[in-house]
Amino acid sequence: MGEREARSSGRTGVDASGAQGVGPAGAQGAGRAGAGIAVEGLTVRQPATGRTLLSGVTFEVAPGESVAIVGESGSGKSLTVRAMLGLLPRGLEAAGTVRIAGERVDDDPRARARQRGGVVSLLMQDPFTLLNPLRRVGRQIADGLPRGADAKAEVPRLLAEVGLPADVAGRYPFQLSGGMRQRVGLAAALAGGPSVLVADEPTTALDATTQREVLALVRRVQRERHMAFVLITHDLRLAFSTCDRVMVMYAGRLMEAGGAAAVRREQLHPYTRALLAAEPPADRRLAVIPAVAGSVPAHDAVADRCAFADRCALAVAECRDGVPELRAVRHAPGPSADVSAVRGESGPSAGVPAVRHEPGVPAVRDVRLSACLRATELPAPPAPEPGVAPALPVTADPVLRVRELRRTFAGARRPALDGVSLTVAPGEVVGVVGESGSGKTTLARCVAGLERPDAGTILLGGADCSDYGRMGRDAVRQARRTAQMIFQDPYSTLNPARTVGAALGEALWADGRPAAPDDVARLLESVGLGRDMAGMRPAGLSGGERQRVAIARAVAGEPRLLICDEPVSALDVSVQAQILGLLAELRERLSMAMLFITHDLAVVRQIADRIYVLESGRCVETGPAEQVLDAPTHPYTRALLASVPDGSSGWLA
Amino acid sequence: MTGRSWGVFLLRRLAGTAVVVALLSIGVFGLLYLAPGSVQQTLLGTRPATPETIAAIQARYHLNDPLPVQYLSWLGGVLRGDLGTSIRTGMPVADMLGQRLPLTLALTGYGTLLAVLAGIPLGVAGALRRGRAADRLVVTAGVVGLSAPPFAVGLLLLVVFAAGLGWFPVYGVGEGFADQVLHLTLPAVALAVGAVGMLVRFSRAALIRELDQDYVVFARARGLGAPAVLGYALRNSLVPILTAAGLIVTGMLAGTVLVEVTFALPGLGSLLVDSVTFKDVPVVQALALLLTLLIAAVNLLVDVGYSAADPRVRIGGRPS
């Protein structure tokens, strides 16, 4: 009961502050003409369906300042900047005021057109699609130069600014790597000399090491040019490392905002906490990754309450009674005071009001905003329990033994696999990590019989499966019962025309079991889905649900080995935590071995017992997971580890 | 791209085309044997079957030699320009084709020009005004055009514009360039109507897809003007449009058969109809071969067009 009292007294404090709390735009927007971005009350609707996709988004970004908008898919983070820039997809309408460089543009298409390129520019997500594939990159950059600029001088200068040699100008996009394309994209976005730069997940499609280089470049250029910078990202730690301030969105609303360091230290909204907790750490293994059940709701489904209330363990009745406003919670005068405030709150003397306004100091930039009614009384999150990789009997015969596997694709300059050997013991989870082009997916496809190796042997459960083409029907059947595969993209791995039940029934049938409806239901339940889902088609499922169905299909026959090719890299962080939890649970229950392919060292840390590091088709390092990740010996492994965002501001240095 | 790699590319495509034509020529040669009745009877036609004429036919066509030899000697003749003699008229087939080819080429070219001039701008207009009234009109008109058979359109045009309004001549080819153009206009329109429908659909769909691509949004976001952005998108929709254009030209070559008969034009199409009716096998063979060559040439042009439009085709990059 003492806790309850503490809550209510803390609550008074919030209410007091809420009354005087002012949004940053309200405090500053009027007085700061000529500066950065000021967005107020931004709402995006789809008139055809009457749906609202996001509402009440208010923020501002000063020149030279960098702000990250963080959220999962469906949070409205991309729509926010698209609406801000007047680039909404067809059929969507925005309302609210947008000032860019002091000029109100939300009601003036001509002002927008005039500002594009020269005042505000956008760098987009996918380097593989953001450039015109049929035009030499130099000319594409030149297309964005202000009228009268000398392209012959400016294009090489811009290329040099993004760290590319001048001769890149003569190449076509398809002749460049992803990282180089994103650099070209940056050069093109900078061609008009903008004072505001928006980057929409600019590195999500890139390898980890390339991501760090490109982000460091974007940050350097932004500082040098003193641009206002907005970064859209799904990765909270990356936002902490890259930006001065962080805004967290959920279901089309702002949930929390504040300085990157302050938010990193202490999150004032349960959603931010959940999001951060769901991102697995790369430096230690957790027993369980804290995952929140469920998925991001639609904006309108939670129009009358806190959007996170239904998934929030701390929700009280008031949370479902009206939408909580985003309010100033406390200043952060200094890190030590901030931390002590947090400690004081979770300790026994929690009655002290945590909110302290220092009169006369309008340090709006340091104001912590939260849309949680209980922002000041959130209990300290429990420290996640460390996990230990289970000890395995070393005597058992391996379920998979790969020896000297080689594969060269026609027309490729170097082999995709250049003599890779590995073993997987029964019940063991073996991680294979590397960047794109390292051969890790080719390895998985060879083991699954989807690709034929040029040389080398694959022994699955003792049987030679090096060439599925030459195996008899029974041998192939046996191999498929031994090893099953799940793929990266849950959107393309299920047949859209078949119901979930039909897909699973087929998998059971392929295993030689008559598919009684009850078996399908049991299979669904084993991956955490409801029985009623059997009648649905993939189009009606979320990404996480689809991946669960794909996993259910793969484990229907209880294979001894599950080949997982980047099974969580297409999913949101919270869903990723759910799926990793599911895989860990299935592994335990079915004592199934896994060959786990991933580029993400934090993910592999959570699940793998042993790790192989691949680079350019060769295995450069192998060993128990802790050993490889804590004491890497190969420089490539070290480079991979350094490229995992740790949330510190020194990460990009 | 260097001139040398262009040369290599062209040589490769030419060699491919040559192989296709050589394979098809076997089929064309086989027409002689597919015709009903004996080969001698077919080649004799209406002439009396005296021992002398039969001997002459057998000597001329090497009918006593094994089939491959017959084919090779036929092919040798074709390569020297000797396409045989028409059974119906007794004239050398090459001369008959030579007289009629220009008209059919002119008609096809004119029809294609009309189709491109009408179809692509309409498709672009539809794509830019997607979902609005103008777009729906364009799409509907395209469907109507696509579903109207050329001979029916031809008859309708004749009734309305030639017989009714008297703006165009009813038949004949005319004298002098302007008069010829006037005479060919209605047949070319009849040919073009279906092609316009197809081009509208292809160019509209291609442009809509391109306008939704990231690079178009990116180009807009960094301040490129509307004409430059449309230029980006149009250039990228060229490959499907070229594909459609190639199909259209080959379709028109086939369509001339009906349209030339409808408008009483002495082109290859009407020659084909007459020759088939009279079982004039050497002419039919020569026409089939000629059409094969024309269609192969069109496809070659489209291939060259692809590589001119898309550097990934000629430099061999993976499309991404």
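We use all heavy atoms of the structure for the numbers below, so side chains are in, but hydrogens, waters and symmetry mates are not. The chains referred to below are lettered A, B, ... by the order of the sequence lines, with proteins before strands, and numbering in each begins at 1.
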request  = Sort A/Arg112 into side chain, backbone, both or neither according to what part of it lies under 4.5 angstrom from a heavy atom of chain B.
outcome  =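 When you check distances to chain B, no heavy atom of A/Arg112 falls under 4.5 Å.
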request  = Kindly determine whether A/Leu197 and A/Leu186 satisfy side-chain contact (heavy atoms from CB on, under 4.5 Å), including the steps that lead there.
outcome  = CA-CA 10 Å; A/Leu197 181 66; A/Leu186 179 61; 4.1 Å; yes
request  = Considering only NZ, NE, NH1 and NH2 on the basic side and carboxylate oxygens on the acidic side, decide whether B/Arg222 and A/Asp143 come within less than 4.0 Å.
outcome  =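 Between A/Asp143 and B/Arg222 there is no salt bridge, as every charged N stays at least 4.0 Å from the carboxylate O atoms.
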inquiry  = I need the residue from B/Glu210, B/Arg130, B/Arg235 with the largest number of non-hydrogen atom pairs under 4.5 Å to chain A.
reply    =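 Option with the greatest count: B/Arg130.
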Heavy-atom pair count under 4.5 Å with chain A, highest-scoring of B/Val217, B/Asp212, B/Val216 =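 Looking at each option in turn, the highest pair count goes to B/Val217.
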key: Minimum side-chain heavy-atom gap A/Val61-A/Val39 below 4.5 Å   =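 No; the side chains remain at least 4.5 Å from each other.
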message = Could you tell me if the side chain of B/Tyr110 sits less than 4.5 Å from the side chain of B/Leu191, heavy atoms only?
response =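 They are not in contact (no side-chain heavy atoms under 4.5 Å apart), so the answer is no.
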Per-residue contact mode, B/Ala219 against chain A (heavy atom under 4.5 angstrom) =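 B/Ala219 has no heavy atom closer than 4.5 Å to chain A.
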So which residue, [options], ends up with the most heavy-atom pairs under 4.5 Å with chain B?
options: A/Asn132, A/Val120, A/Asp200; answer: A/Asn132
options: A/Gln140, A/Arg114, A/Arg135; answer: A/Gln140
options: A/Leu130, A/Leu123, A/Leu122; answer: A/Leu130

OG-NE2 distance between A/Ser438 and A/His599, expressed to the nearest 0.5 angstrom =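 One gets 11.0 Å once the value is rounded to the nearest 0.5 Å.
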key: Approximate separation, where rounding is to 0.5 Å, of A/Leu417 CG and A/Arg407 CZ   =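 Rounded to the nearest 0.5 Å, the CG-CZ separation comes to 9.0 Å.
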